[in-house]
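Below: the structure, in structure tokens.
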Amino acid sequence: MDAAYSWQSHQVGVPPHPLLLRSFREYETKDGKQEPLLVLGARESHETDPPVRDADLVGVCLVVRAMSRTSSLPGPLVRLDLTGELISCSGVRTIAAVLQVSSSLCSVLLRRTHVGDDGAAALGAALSCSMLQELDLGESAVTDAGVRYLVRGMQVHGAPPSFKILLLDGNAIGDAGAIEVITLVEEGSSLSTLSLHPALPRFLSKEVEAALQVACELSRVNLEYKGHPVTLDALASLASPRARAARAAGALGRPVKGPSATANESGSSRPFRDPKTAAPPKRAVPDVRSSEHLASWMAATERELRELKWLLRSSSARLDGQHKKLVAELEKLQAQLDNWAVGSPRSEPSEEARLDVLEARFDAIEQLVGREQSECAQMWQLVEVAAGAGSARK
């Protein structure tokens, strides 16, 4: 197999990459028998090989494509681990092209690369024809637009039937990208593991994060803070004889005959379910949306509550300012009254009348201050009630 990779690399004018060439050689020297899993890349921390670039992927993808075409039986499952390599959108397009024609490539790890939004769009358009089970795009320069292209590509063209793991954490994703992923989960996809936590300083709003958790719980999807690729043993278990036969039949375009096919040939229109091997029926996801999905409803509710709180705070601040102004005026009048009372013990009738007017004004200001205080107290009670209602809705 390493000879085929070397030959394909020379055909495209690129020397074989030492890391990828070593991966092919290690696969062929394991006890002289064919292993169920071929791992390409997977750089160790102590290795000093040059980074894998876009041009190095052409020869690898040609070999992977040939593995699905040259034999009636499928070859090993392939994991393409390019974590931390210098892969850009051009290399991702090469991977997307081989995904459309290969039934062996089951895992693509592109964490800490430069996939970008265009690369995510290319993968979204190609996944429907693949047998991919794991896709790691963590920390790969994908934004909300890239997530939208990836998700809608799977919605339009169809998601892989065996697609289980989608890792998108560490990217510049906000609420818009998270809502796109929520729609994918709610549509009943085959996902079992998902990671979506954005890179700092970005974060998801509370309502969108709550909607994501609810959607994952209803669809039985494991939501992780930071995604981790599936172990090699779990990937190797997928290469059982029945799974290999299914992949071979899918590559040749003919159906796989099993218990269900036997039952249909005998005249029964209902497919046969083996109680020992059949998976339990998936629990129906209740429809919690009237015209929009759950995330949009919670976002609108939170926005209304936030606007109400802002209005109450502004009203309370205005009343506090008026209260302080009236209290200052009240203190000033009180000081004037005290001075007149001390300085003129025998007041003339005109001064007494003036004093009566000031006392009446003093009483009116006291009543106004009392009303302002009661209005402030009522406003704060409304703020507490609104906050409690918002917590209950969540």
Side-chain angles (χ1 to χ4, degrees), residues 143-144 170-179 182 196-214 225 288-394:
T143 66
D144 289 337
N171 290 298
I173 300 175
D175 289 351
I179 289 175
I182 290 174
L196 194 62
H197 198 275
L200 295 176
R202 290 176 173 266
F203 59 91
L204 300 179
S205 63
K206 293 181 179 179
E207 60 272 15
V208 172
E209 188 172 359
L212 178 62
Q213 293 177 355
V214 170
Y225 181 85
V288 295
R289 304 170 295 173
S290 57
S291 60
E292 297 179 349
H293 49 70
L294 176 63
S296 299
W297 176 82
M298 295 189 69
T301 303
E302 182 69 19
R303 183 168 58 252
E304 293 175 0
L305 180 60
R306 189 162 50 246
E307 291 175 355
L308 178 60
K309 288 182 178 179
W310 177 85
L311 180 61
L312 292 177
R313 287 194 187 100
S314 62
S315 300
S316 178
R318 179 179 57 82
L319 292 176
D320 287 340
Q322 294 178 356
H323 178 263
K324 291 179 180 179
K325 185 177 179 180
L326 292 174
V327 168
E329 187 176 354
L330 187 62
E331 291 176 353
K332 183 179 178 180
L333 291 174
Q334 182 67 45
Q336 291 178 359
L337 288 174
D338 292 341
N339 291 333
W340 287 339
V342 173
S344 55
R346 295 180 180 179
S347 303
E348 297 180 357
S350 60
E351 292 182 354
E352 290 181 357
R354 187 179 179 184
L355 187 61
D356 293 337
V357 171
L358 289 176
E359 289 180 351
R361 186 179 178 187
F362 182 81
D363 294 337
I365 291 177
E366 280 188 339
Q367 293 177 2
L368 181 60
V369 170
R371 287 197 302 269
E372 295 289 346
Q373 288 178 342
S374 62
E375 289 182 5
C376 285
Q378 291 176 359
M379 283 293 180
W380 282 115
Q381 289 178 359
L382 287 176
V383 170
E384 294 177 356
V385 171
S391 302
R393 289 185 180 180
K394 291 180 181 180

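Positions are given from 1, in the same order as the sequence printed here. All values reported here derive from a predicted model rather than from experimental measurement.
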- Item | Distance, nearest 0.5 Å, that separates NZ of K206 from CG of D175 |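 If we round to the nearest 0.5 Å, K206:NZ and D175:CG are 13.0 Å apart.
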Determine the minimum heavy-atom distance between [X] and [Y], stating which atoms define it.
X    : Y    : result
D144 : G177 : OD1-N, 3.2 Å
G174 : R202 : N-NH1, 4.4 Å
L212 : L196 : CD2-CD2, 3.9 Å
G170 : A199 : O-CB, 3.3 Å

- Message: So I173 and T143, do their side chains get closer than 4.5 Å, heavy atoms only?
- Response: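 Answer no - side chains too far apart.
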